[in-house]
Amino acid sequence: MNQPAVEISDLLRIPFLAGLVPAELDALLHAGRRLAFERGEYVFRAGDPGKELCVLVDGEVGIELDVAGGPPRILATLGSGTVFGEVSFLLGNERTASARALRDTRILAFSRE
């Protein structure tokens, strides 16, 4: 995981952010933490504290649940522009599932602070 370049032009491609003006998008970029994950890396794991809300700038993330005695079960596949991790973030609970990059992925993560 490293800190990738995420630009205003990347955020303009996200439908729910499209109505924001450049100054607002710039404020989001500075408020968020820019993260990159290679295929197979975990964004977070079940049981981790839900301290960040994630915006999937580009890439693909699988939401998965560990299954006793077997491989993890993929509950959902998320694409660019998706917000995830919001329930644990809003409730302040531990993560109930894991999120793993299914291909190279860039995320903008927002903490409570």
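When reading the values below, keep in mind they use all heavy atoms of this one structure, side chains included, and skip hydrogens, waters and symmetry mates. Only a predicted model underlies this, so the values are computations on that prediction, with no experimental measurement involved.
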Subject >> Of all pairs that satisfy side-chain hydrogen bond (donor to acceptor under 3.5 Å, both in side chains), the ones with a partner from residues 47-56, not counting sequence neighbours >> reply: R33-E52
Original post:
Minimum heavy-atom separation for V57 to I14, with atom names?
Top reply: CA-CD1, 4.3 Å
Original post:
Other than L91, what residues sit in its cluster of Ile, Leu, Val, Met, Phe, Trp and Tyr side chains whose heavy atoms are under 4.5 Å apart, directly or through others?
Top reply: V87
Subject >> Residue list, side-chain hydrogen bond (donor to acceptor under 3.5 Å, both in side chains) with S111, at least two apart or on another chain >> reply: E113
Subject >> Residue pairs passing the salt bridge (charged side-chain N to carboxylate O under 4.0 Å, His left out) test where at least one lies in residues 72-86, sequence neighbours excluded >> reply: none
Subject >> Minimum heavy-atom distance G81-F16, with the two atoms named >> reply: O-CE2, 3.7 Å
**OP:** Check the hydrophobic clustering (I, L, V, M, F, W, Y; side-chain heavy atoms under 4.5 Å; chains of links allowed) and say if L17 and L12 are grouped together.
**Re:** yes
**OP:** Mind checking side-chain contact (heavy atoms from CB on, under 4.5 Å) for D104 and listing every partner two or more places apart, or none if nothing turns up?
**Re:** E38, R39
Subject >> F110 side chain reached by V83 side chain, heavy atoms, under 4.5 Å >> reply: no
Original post:
When hydrophobic residues are tied together by side-chain contacts of less than 4.5 Å, even through go-betweens, does L20 share a cluster with V55?
Top reply: yes
Original post:
Of all residues at least two apart in sequence or in a different chain, which pass the salt bridge (Lys or Arg N to Asp or Glu O under 4.0 Å) check with R95?
Top reply: none
Original post:
Can you tell if the side chain of L29 reaches within under 4.5 Å of the side chain of L25, non-hydrogen atoms only?
Top reply: no
Subject >> Interatomic distance, E64 atom CD to D66 atom CG [nearest 0.5 angstrom] >> reply: 7.0 Å
Original post:
Do you know which two heavy atoms are closest between A99 and F84, and how far apart they sit?
Top reply: CB-CE1, 3.9 Å
**OP:** Mind listing the closest non-hydrogen atom pair of R100 and G40 along with its distance?
**Re:** CD-O, 3.0 Å
Original post:
Which atoms form the tightest heavy-atom contact between S80 and G59, and what is the distance?
Top reply: OG-N, 3.3 Å
Original post:
Hey, what do you get for CD1 (I107) to OG1 (T82), rounding to the nearest 0.5 Å?
Top reply: 10.5 Å
Original post:
Same cluster for I74 and V67 if Ile/Leu/Val/Met/Phe/Trp/Tyr side chains link at under 4.5 Å?
Top reply: no
Original post:
Closest approach of A46 and S98, non-hydrogen atoms and distance?
Top reply: N-OG, 2.9 Å
Original post:
Considering residues at least two apart in sequence or located in another chain, which fulfil the side-chain contact (heavy atoms from CB on, under 4.5 Å) criterion with A76?
Top reply: I63, L78
Original post:
Do you reckon L28 sits in the same ILVMFWY cluster as I8, going by side-chain contacts under 4.5 Å, direct or chained?
Top reply: yes
**OP:** Look only at the side chain of S88 and the backbone of G85, and say whether a donor-acceptor pair between them is shorter than 3.5 Å.
**Re:** no
Original post:
Any side-chain heavy atom of F37 sitting closer than 4.5 Å to one from V61?
Top reply: no
Original post:
How would you list all residue pairs meeting salt bridge (charged side-chain N to carboxylate O under 4.0 Å, His left out) that involve residues 10-30, not counting sequence neighbours?
Top reply: D10-R13, D10-R106
Original post:
Which residues pass the side-chain contact (heavy atoms from CB on, under 4.5 Å) test with P49, sequence neighbours left out?
Top reply: none
**OP:** Only counting residues at least two apart or in another chain, list the ones meeting side-chain hydrogen bond (donor to acceptor under 3.5 Å, both in side chains) with E60.
**Re:** none
